[in-house]
Chemist: 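I am attaching a structure below and will ask some questions about it afterwards.
Values reported hereafter were calculated over all heavy atoms of this structure, with side chains retained and with hydrogens, waters and symmetry mates removed. Note that ligands are numbered from 1 as they come in the structure, with each ligand's atoms numbered from 1 the same way.
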Amino acid sequence: MKIGIVCYPTFGGSGVVATELGLALSKRGHEIHFITYSQPVRLDLLGNNVHFHEVTVPEYPLFLYQPYELALSSKLVDMVKLHGIEILHVHYAIPHAYAAYMAKKMLQEEGIYVPIVTTLHGTDITLVGSHPFYKPAVTFSINKSDAVTSVSQSLKDDTMRLFNIKREIDVVPNFIDFSRHKIEFTDCQRSLMANDDEKIITHISNFRKVKQIPDVVKIFYNIQKQMPAKLMMVGEGPEKMEAERLCEQLGIEDKVVFFGNSNEIDKILCFSDLFLLPSQTESFGLAALEAMASGVPVISSNTGGIPEVNVEGVTGFLSDVNDVDDMSKNAIYILSDDERLETFKLNATKEAAKFGIEKVVPQYESIYLRTLNECALAK
Ligand code: GMT
């Protein structure tokens with residue numbers, strides 16, 4: 001199949017999922033066209049079957065807001081015509097599903113029929129999409145997609161609850177490509193980051209409010225009172241400066257490393273003992289799954305789709321949002337006994353194996369085929 005993939009090219013989970021899916025599909029012989037405003041951060045393999053088409057938005061001073069949707073839908077029309085793309089898979093409803101629908105309508109005028117598969121990732125539904133300013137357009141775009149998938153059952157339920165949805169939603173979970181996720185070196189270089197007796201706690205996110213960054217710092221503060229420990233804070237975002245300030249206030253700044261965005265997540269997770277994800281809401285928690293795939297147990301909130309990934313008492317523990325005391329207590333419980341920590345690490349690896357990409361890619365392929373068939377019949 002010739003598949004066009006639209007996504008955010010940034011470090012966010014939806015872009016990562018879209019990129020890894022596209023690369024996996026290309027390895028299975030499909031021709032993949034990424035159409036987005038810059039090369040996706042995890043797209044390092046431009047091969048025969050993988051193409052990247054940049055969407056540029058010409059600046060015009062009349063516009064307070066430059067019209068990205070317009071540029072994207074025009075680019076989609078051009079790329080479908082130029083490369084014979086058969087199906088468009090858009091990740092994150094806003095504004096991708098909306099722009100794809102416009103492209104589809106423009107193409108129809110020329111007798112070209114390209115179905116749209118929309119994957120909902122979370123904040124496009126739970127935080128941003130349900131805002132009254134966006135809701136009618138998001139509802140419309142979901143209902144007009146030819147197939148809709150969500151990354152967890154919880155996100156599907158949220159979508160049904162928050163919007164007037166008149167179509168089926170397939171749940172296709174996020175995944176790990178273990179061939180890309182393997183640790184390619186034997187020495188994790190742990191000694192560069194911490195002494196042997198120190199436990200390494202890690203948090204990776206886009207440092208937005210929804211991630212409850214102050215809770216990450218407070219949980220770590222409680223842990224390091226009980227045992228020698230270091231905190232690795234990976235990512236960039238609006239809450240980062242405040243977190244640095246909080247570390248100083250608590251007098252733990254020499255125990256916390258702020259990495260910024262990193263393409264070396266595997267290396268950081270390789271030397272981590274515990275992962276913290278105390279988010280307010282999280283439709284899936286790809287970062288937690290990536291941690292588990294590296295054998296890192298997870299202390300998280302019990303919100304959204306996280307319970308579909310982190311298994312209570314097996315791969316880690318889940319607490320109510322904001323319950324810093326409970327999360328600290330659970331973290332200390334796991335870390336304070338080396339044998340127990342080892343068991344949680346093994347469990348995390350085992351559980352993550354259930355989310356191997358080889359189980360998920362065929363699900364998307366069959367959704368593409370089903371959609372193409374349905375659309376051919378409806379023509
Ligand atoms: O976590 C973020 O804020 C980034 C966001 C995104 O759209 O890139 O992540 C969402 O999609 C990920 C991939 O499907 C999910 O694993 C995250 O749970 C989800 N984030 C939220 O729901 C807050």
Chemist: Hey, are Lys75 and Glu54 close enough for a salt bridge, meaning a charged N less than 4.0 Å from a carboxylate O?
Modeler: no
Chemist: Would one find an N or O of Leu286, backbone or side chain, under 3.5 Å from an N or O of ligand 1?
Modeler: yes
Chemist: With a 4.0 Å cut-off on heavy atoms, does Glu282 reach ligand 1?
Modeler: yes
Chemist: For Val151, take its heavy atoms, then give the atoms of ligand 1 lying under 4.0 Å from any of them.
Modeler: 14 (O)
Chemist: Can you find a non-hydrogen atom of Thr281 under 4.0 Å from ligand 1?
Modeler: yes
Chemist: Can Lys211 be said to touch ligand 1, with heavy atoms closer than 4.0 Å?
Modeler: yes
Chemist: Measure the distance from atom 9 (O) of ligand 1 to every protein heavy atom, then report the residue, atom name and distance (to 0.1 Å) of the closest one.
Modeler: Gly13 N, 4.2 Å
Chemist: Has ligand 1 got any nitrogen or oxygen that is less than 3.5 angstrom from a nitrogen or oxygen of Gly122?
Modeler: no
Chemist: Could you see if Tyr333 belongs to whatever hydrophobic cluster contains Phe220? Use Ile, Leu, Val, Met, Phe, Trp, Tyr and a side-chain cutoff under 4.5 Å.
Modeler: yes
Chemist: Starting from atom 14 (O) of ligand 1, what is the nearest protein heavy atom, named by residue and atom, and what distance separates them?
Modeler: His121 ND1, 2.6 Å
Chemist: Quick one: side chains of residues 1-19, donor-acceptor pairs under 3.5 Å with protein atoms, not counting sequence neighbours, listed by atom name and distance.
Modeler:
from  : atom 1 : to    : atom 2 : distance (Å)
Lys2  : NZ     : His83 : O      : 3.2
Tyr8  : OH     : Ile94 : O      : 2.7
Thr19 : OG1    : Gly15 : O      : 2.6

Chemist: Are Asp146 and Lys104 within salt-bridge range, i.e. N to O under 4.0 Å?
Modeler: yes
Chemist: May I ask you to list the atoms of ligand 1 that are less than 4.0 angstrom from any heavy atom of Asn174?
Modeler: 13 (C), 14 (O), 16 (O)
Chemist: Does the pair Glu109/Lys105 count as a salt bridge with the N-to-O cut at 4.0 Å?
Modeler: no
Chemist: In terms of side-chain geometry, is the basic nitrogen of Arg190 or Asp196 positioned less than 4.0 Å from the acidic oxygen of its partner?
Modeler: no
Chemist: Only one of Glu236, Glu242, Glu244 forms a side chain to side chain donor-acceptor pair (under 3.5 Å) with Lys240, so which one is it?
Modeler: Glu236
Chemist: Regarding Lys255 and Glu198, does a basic nitrogen lie under 4.0 Å from an acidic carboxylate oxygen?
Modeler: no
Chemist: Just need the protein heavy atom nearest to atom 22 (O) of ligand 1, so name the residue and atom and give the distance.
Modeler: Ser283 N, 2.8 Å
Chemist: Polar contacts were defined as any N/O atom of the residue lying under 3.5 Å from an N/O atom of the ligand; does this apply to Thr126 and ligand 1?
Modeler: no
Chemist: Once the angle between the rings of Phe317 and Phe344 is folded into 0 to 90°, is it parallel (under 30°), tilted (30 to 60°) or perpendicular (over 60°)?
Modeler: tilted
Chemist: Distance to 0.1 Å, residue and atom name: give those for the protein heavy atom nearest to atom 4 (C) of ligand 1.
Modeler: Asn206 ND2, 3.6 Å
Chemist: Among all the protein's non-hydrogen atoms, which is closest to atom 8 (O) of ligand 1, and how far away is it?
Modeler: Ser14 N, 2.8 Å
Chemist: Against heavy atoms of Gly285, which atoms of ligand 1 measure under 4.0 Å?
Modeler: 15 (C), 16 (O), 17 (C), 18 (O)
Chemist: Please confirm whether Val210 comes within less than 3.5 Å of ligand 1 when only nitrogen or oxygen atoms on both sides are compared.
Modeler: no
